[in-house]
K.L.:
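Handing you a structure now.
As a basis for the values below, the full set of heavy atoms in this structure was taken, side chains included, without hydrogen atoms, waters or symmetry mates.
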Amino acid sequence: MKIGLALLVLFFTAAVSGQKIDQIPEPPETAGARQRDVTSIPSSITHERTDGDQYRYSIPGIYNTSEKHMEDAEKFKSFEAMYRASIPTCEAFNIDYKSRRCTFTTSRELAPVELANAIDQMAWLAGDIPYWGELEARDIPRSDEFDEEKYLVTVVDDDFPSNLAWFRVPQALEVSTLIGLGGFQLGKLMFTPTTAHCMAHSRYAMRILDA
């Protein structure tokens, strides 16, 4: 019995070559350890300088994975403390499940890569905050032919077909690869995590990008 982490590529059997794709390294111990070049901030994140020479950041569209912990004040404080510890020079932190918004204030402006690493670390902790890759992907416009489908990752009893290109969807990281869309047209298949990697209900958003 084998686990098919990327079983939904079965939908692209005729279009994908048989070469194995495994270009993603092992996930780092923490999301903040990732080395990357971040030059811009996703449009959904608002940031401003306050009157007190501090900087306020706001992330909309968060999830409510740990909302139940608000009933336990002590447990919620521990979550809040972990979130604050993920943000450099954090002065204040607030997470509002009703409005699905996270707001925090820092004593200095964060470089884009610092902000990206902080958000990924918070996303990794409890699943309330979308990963940076998911926030970036939200900026991608939908095509006129956009259609939303639901896919499941499941257990495969039989041997995997030999004519598929397999790649690994790592925990807590986004992954993308080129796929064939018929003939010589190439598209891009992107997976972005939408909850914390440690949650039993972890989900991924799948996007097919083409012209």
Side-chain angles (χ1 to χ4, degrees), residues 24-140 169-175 190-205:
I24 306 302
E26 287 295 324
E29 292 184 4
T30 65
R34 297 180 62 192
Q35 299 296 319
R36 53 185 166 182
D37 182 21
V38 181
T39 58
S40 61
I41 298 175
S43 62
S44 61
I45 301 177
T46 60
H47 57 291
E48 60 183 354
R49 186 172 182 173
T50 68
D51 294 336
D53 287 335
Q54 295 181 333
Y55 291 84
R56 182 182 296 113
Y57 297 84
S58 182
I59 308 169
I62 67 170
Y63 307 109
N64 61 345
T65 306
S66 61
E67 183 177 12
K68 61 182 180 293
H69 295 310
M70 292 187 68
E71 300 172 2
D72 185 333
E74 291 303 317
K75 184 175 289 187
F76 185 72
K77 283 182 180 179
S78 67
F79 270 91
E80 185 178 27
M82 288 190 297
Y83 282 142
R84 290 184 62 132
S86 302
I87 305 167
T89 69
C90 183
E91 296 287 338
F93 178 88
N94 176 262
I95 188 165
D96 188 338
Y97 294 109
K98 186 175 181 180
S99 65
R100 297 293 178 88
R101 183 176 293 273
C102 171
T103 304
F104 56 89
T105 304
T106 59
S107 60
R108 62 172 175 82
E109 185 175 12
L110 301 182
V113 68
E114 285 183 298
L115 181 62
N117 287 337
I119 288 176
D120 272 356
Q121 180 64 24
M122 287 193 291
W124 182 86
L125 285 172
D128 296 313
I129 313 300
Y131 283 91
W132 185 265
E134 172 65 15
L135 293 172
E136 287 180 324
R138 290 179 182 181
D139 287 344
I140 300 172
V169 180
Q171 295 175 333
L173 297 177
E174 69 274 7
V175 58
M190 175 189 293
F191 294 87
T192 50
T194 58
T195 60
H197 81 289
C198 58
M199 301 296 172
H201 56 274
S202 291
R203 297 178 300 169
Y204 283 79

K.L.:
Do you know which two heavy atoms are closest between P60 and S58, and how far apart they sit?
P.N.:
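Looks like CD-O, 3.8 Å.
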K.L.:
What's the spacing between C102 SG and I59 CD1 if we round to 0.5 Å?
P.N.:
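Rounded to the nearest 0.5 Å, the SG-CD1 separation comes to 5.0 Å.
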K.L.:
Which residues satisfy the salt bridge (Lys or Arg N to Asp or Glu O under 4.0 Å) test with E134, sequence neighbours excluded?
P.N.:
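By the salt bridge (Lys or Arg N to Asp or Glu O under 4.0 Å) rule, E134 matches R138, R207.
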K.L.:
Side chains of I119 and I45: closer than 4.5 Å at any heavy-atom pair?
P.N.:
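The answer is yes, as the side chains (C-beta and beyond) meet within the 4.5 Å cut-off.
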K.L.:
Using ring-ring contact (aromatic ring centres under 6.0 Å, His included) as the criterion, list what pairs up with Y63, not counting sequence neighbours.
P.N.:
none
K.L.:
Keeping the roles fixed (side chain from R84, backbone from E91), state whether a donor-acceptor pair exists under 3.5 Å.
P.N.:
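Checked: pair present.
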K.L.:
Under 3.5 Å, is there a donor-acceptor pair between the side chain of D96 and the main chain of R101?
P.N.:
no
K.L.:
Does a side-chain N-to-carboxylate-O contact under 4.0 Å join R36 and D120?
P.N.:
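A salt bridge links R36 with D120.
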K.L.:
Assess whether side-chain contact (heavy atoms from CB on, under 4.5 Å) is satisfied between Q121 and I129, documenting all intermediate values.
P.N.:
CA-CA 9 Å; Q121 180 64 24; I129 313 300; over 6 Å; no
K.L.:
What heavy-atom pair brings G61 and P130 nearest, and what distance separates the two atoms?
P.N.:
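Closest approach of G61 to P130: O-CG, 3.6 Å.
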K.L.:
So, using ring-ring contact (aromatic ring centres under 6.0 Å, His included) as the criterion, who are the partners of Y83 when residues are at least two apart?
P.N.:
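With neighbours one apart ignored, the set is F93.
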K.L.:
List the atom pairs, donor and acceptor, that lie under 3.5 Å between side-chain atoms in residues 104-114 and the rest of the protein, sequence neighbours left out.
P.N.:
| from | atom 1 | to | atom 2 | distance (Å) |
| --- | --- | --- | --- | --- |
| T106 | OG1 | R108 | O | 2.6 |
| R108 | NH1 | E114 | OE1 | 3.0 |
| R108 | NH2 | E114 | OE2 | 2.7 |
| E114 | OE1 | A111 | N | 3.0 |

K.L.:
Could you go step by step and tell me if W132 and I41 meet the side-chain contact (heavy atoms from CB on, under 4.5 Å) rule?
P.N.:
CA-CA 9 Å; W132 185 265; I41 298 175; 4.2 Å; yes
K.L.:
What pairs meet the side chain to side chain donor-acceptor pair (under 3.5 Å) rule with one or both residues in residues 37-46, with sequence neighbours excluded?
P.N.:
S43-D139
K.L.:
Looking at every non-hydrogen atom in both residues, tell me the closest pair between P88 and A118 and how far apart they are.
P.N.:
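Closest heavy-atom pair between P88 and A118: CD-CB, 4.1 Å.
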K.L.:
To the nearest 0.5 angstrom, please state how far the OH atom of Y131 sits from the CE atom of M122.
P.N.:
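One gets 11.5 Å once the value is rounded to the nearest 0.5 Å.
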K.L.:
Show the nearest heavy-atom pair for residues D128 and N64, with the distance to one decimal.
P.N.:
OD1-C, 3.7 Å
K.L.:
Can you see which heavy atom on G133 is nearest to which on T192, and at what distance?
P.N.:
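Between these two residues, the closest heavy atoms are O-CG2, 3.8 Å.
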K.L.:
Taking the side chain as C-beta and beyond, is there a heavy-atom pair between Y57 and L115 under 4.5 Å?
P.N.:
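Heavy-atom side-chain distance check passes, below 4.5 Å.
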K.L.:
Taking salt bridge (Lys or Arg N to Asp or Glu O under 4.0 Å) as the definition, give me every residue that meets it alongside R56, ordered by chain and number, with sequence neighbours left out.
P.N.:
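R56 satisfies salt bridge (Lys or Arg N to Asp or Glu O under 4.0 Å) with E48 once adjacent residues are dropped.
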